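Heads up, the thing below is written out as structure tokens.
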Amino acid sequence: METIAALSTPPGAGGIAIIRLSGAAAHTIASRIFDPWPSDSDYFHLYLGYIYDPDSQQKLDQVLLTLMPAGRSYTGEKMAEIHCHGGLYNSKKILSLLFSLGAAAAPPGEFTKRAYLNGRLDLTQAEAVISLIEAESEAGLVAATTQLAGGLSEFVNKMLAQINQILAAIEVEIDLLAEEGLNYSRPEVTVSLLALEQKCRDLLASYQRGRLLYSGIKVVLVGRPNVGKSSLLNALLVEDRALVSAISGTTRDVISASLEIGGIKVELSDTAGLDETLAVDSPQAELEALGMARTKEWLEQAALVLLVLDQSQLLTDFEVELYRKIRDKPHLLILNKQDKAPAFSESELRRRFIYEGEILGCVGAREQIRIDAVVAGIAGFIGTQTAVSGDSAVMISQQRHYDLLCMVSAGLTEALELLKTGAPPLDMLAEELHQIRFCLLAITGAESRDAEGLLDIVFSQFCVGK
Ligand SMILES: Nc1nc2c(ncn2[C@@H]2O[C@H](COP(=O)(O)OP(=O)(O)OP(=O)(O)O)[C@@H](O)[C@H]2O)c(=O)[nH]1
Ligand SMILES: [Mg+2]
């Protein structure tokens with residue numbers, strides 16, 4: 001395998017940039033451009049020296065160099081890391097020297113792919129590296145670290161060990177029964193498979209939670225114009241993000257921004273107010289209609305809708321209608337402008353909306369923000385979505401794992417159906433268990449280190465230098 005090199009830190013100006021080299025020639029190539037080359041050349045030490053151009057002997061940058069031996073580096077190959085001064089030109093210049101000395105440019109994810117191919121990581125751990133790099137919240141980071149530490153692999157390997165055991169027993173049985181012609185009766189196999197089926201279901205059930213921890217949750221603010229949606233967005237973000245004015249129809253386009261609530265990333269979107277009383281001949285009508293169409297699109301994608309009402313204005317039939325439209329989605333009812341005298345009572349609101357749930361009061365106006373109830377409402381919803389089902393904290397968040405576990409679960413159901421007959425055809429049962437085994441192995445990638453197609457899909461999601 002050729003020796004590869006890449007910039008592992010983001011391109012651009014910065015204090016330090018790190019260039020990585022991996023492969024059999026990594027140390028030799030590094031020795032051609034680093035001076036003074038350490039006479040002891042111990043591994044995992046930082047050596048201070050200069051990068052120089054071997055042709056012109058010109059010094060280029062003062063850097064730190066680390067060498068790592070094969071078998072104890074990230075990739076499992078000989079590696080060198082050059083910590084040079086940040087700056088795109090400088091790092092590019094050093095990289096081009098490495099290329100001129102025979103290193104190849106590393107494609108995205110190549111370092112982690114080699115780590116996997118050399119058995120330093122299994123596939124779920126390699127996938128966790130992407131998740132860790134991309135994590136945007138505390139919860140996403142913790143979930144990625146758990147997977148990187150091997151949490152999911154351990155879970156899958158335990159299931160695999162049980163399947164192997166059952167399979168081995170059945171293979172023996174197949175031989176025995178062929179000789180003695182007995183009926184197969186092993187109730188403990190059914191019990192074990194039932195337990196595995198349950199574990200598998202619990203893990204599958206964690207998928208939605210896993211997705212949410214990584215990708216966050218989409219929350220959309222809707223309501224009539226002027227009720228204070230943009231004010232509420234600004235208050236939640238603690239930032240004047242959206243324009244606020246007493247003019248109805250101030251917000252025309254969707255404005256999205258992220259914040260963190262309960263460790264989860266919340267993507268909050270403010271939308272154009274919805275109104276039924278558009279003057280069709282007004283010059284603004286077309287613009288307003290476009291804004292409202294966009295609000296409706298956003299509503300479709302929302303995981304949670306915040307319907308904002310202005311308690312100082314009479315409830316309108318349109319708001320009742322709007323509530324009917326969103327009531328089947330997870331939602332929170334927010335009564336804004338609590339600092340003003342109410343124009344309708346809570347009981348009127350409940351009666352007209354046919355609503356029994358919680359009503360969250362708030363003040364979004366800049367000078368006197370009171371939004372605790374809204375934050376608590378969103379946190380409460382997140383809590384219901386992230387509650388752990390089953391007795392395991394292990395979870396899945398990737399489609400690939402989900403699809404394979406669905407196949408494992410279907411296989412277990414099939415195997416249990418066969419066992420229900422009392423006299424299952426053992427070769428069919430064994431075949432079913434082999435399929436399950438194959439899917440479990442595919443999750444950790446234990447038997448696909450040479451399956452190029454699969455690896456390309458997994459590692460193409462990486463950035464260069466990782
Ligand atoms: N008194 C009071 N005024 C508020 C409150 N929240 C917002 N406002 C005022 O209400 C007006 C409308 O606020 P916006 O946040 O622009 O309302 P909006 O719902 O985004 O309106 P559109 O963008 O037109 O749909 C502004 O003058 C705000 O200052 C509140 O809690 N109390
Ligand atoms: Mg607005």
Side-chain angles (χ1 to χ4, degrees), residues 218-259 266-280 282-302 304-323 325-326 329 331-346 349 353 358-378:
K218 283 190 165 54
V219 177
V220 176
L221 286 155
V222 288
R224 291 184 56 229
N226 226 30
V227 293
K229 300 177 296 299
S230 302
S231 306
L232 195 51
L233 174 98
N234 290 344
L236 283 162
L237 295 175
V238 199
E239 177 191 333
D240 273 343
R241 180 74 175 74
L243 269 184
V244 165
S245 88
I247 305 165
S248 277
T250 300
T251 308
R252 289 286 162 78
D253 212 340
V254 175
I255 297 175
S256 298
S258 296
L259 71 156
V266 172
E267 189 192 321
L268 189 63
S269 301
D270 176 27
T271 60
L274 294 169
D275 199 352
E276 84 287 25
T277 56
L278 272 183
V280 184
S282 118
Q284 304 296 327
E286 190 182 342
L287 209 54
E288 290 187 8
L290 284 172
M292 287 196 256
R294 188 157 277 199
T295 300
K296 286 173 189 158
E297 272 172 36
W298 238 254
L299 262 180
E300 301 271 302
Q301 299 171 23
L304 175 67
V305 178
L306 307 187
L307 176 58
V308 186
L309 306 170
D310 175 350
Q311 69 140 17
S312 67
Q313 300 289 319
L314 292 174
L315 266 183
T316 66
D317 289 341
F318 177 73
E319 282 173 317
V320 176
E321 186 53 34
L322 182 57
Y323 178 67
K325 287 197 179 121
I326 61 139
K329 271 192 162 268
H331 60 270
L332 298 174
L333 269 197
I334 295 170
L335 271 191
N336 191 32
K337 308 201 186 181
Q338 294 279 319
D339 55 319
K340 289 177 141 187
F344 57 88
S345 65
E346 215 176 278
L349 173 65
F353 275 24
E358 213 180 338
I359 296 169
L360 311 172
C362 78
V363 180
R366 200 178 179 181
E367 312 73 40
Q368 38 188 328
I369 293 168
R370 285 206 316 268
I371 51 163
D372 296 2
V374 178
V375 176
I378 299 173

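Just so we're clear, the structure is a prediction, and the values are computed from it rather than from any experiment. Counting starts at 1 for both ligands and their atoms, following the listed order.
In this structure a side-chain-to-backbone donor-acceptor pair under 3.5 Å is missing from Asn336 to Val308. Put simply, the side chain of Lys229 gets close to the backbone of Arg224: a donor and an acceptor are under 3.5 Å apart. In terms of modelled atom types and a separation under 3.5 Å, the side chain of Gln311 and the main chain of Lys340 share a donor-acceptor contact.
With sequence neighbours left out, the side chain to side chain donor-acceptor pair (under 3.5 Å) criterion links Gln368 to Asp339.
Heavy atoms only, all atoms of each residue included: Asp310 and Phe344 are closest at O-CE2, 3.7 Å.
For the Mg ion (ligand 2), protein N/O/S neighbours under 2.8 Å (waters excluded) are Ser230 OG, Thr251 OG1.
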Acceptor/donor pairs from residues 235-247 side chains to any protein atom, 3.5 angstrom cut, sequence neighbours excluded:
| unit_1 | atom_1 | unit_2 | atom_2 | d |
| --- | --- | --- | --- | --- |
| Asp240 | OD2 | Arg366 | NE | 3.4 |
| Asp240 | OD2 | Arg366 | NH2 | 2.7 |
| Arg241 | NH2 | Ser256 | O | 3.4 |
| Ser245 | OG | Ile247 | N | 3.0 |
| Ser245 | OG | Thr250 | OG1 | 2.7 |

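Defined by atom type and a distance below 3.5 Å, a donor-acceptor pair is present between the side-chain atoms of Ser269 and Trp298.
For ligand 1, the protein residues within 4.0 angstrom (heavy atoms only) are Pro225, Asn226, Val227, Gly228, Lys229, Ser230, Ser231, Val244, Ser245, Ala246, Ile247, Ser248, Gly249, Thr250, Thr251, Gly273, Asn336, Lys337, Asp339, Lys340, Val363, Gly364, Ala365.
Within a 6.0 Å sphere centred on CZ of Arg294, other residues, nucleotides and ligands contribute 12 heavy atoms or fewer.
Among Val375, Ile378, Leu268, the single residue meeting the side chain to side chain contact (heavy atoms under 4.5 Å, CB included) criterion with Leu259 is Leu268.
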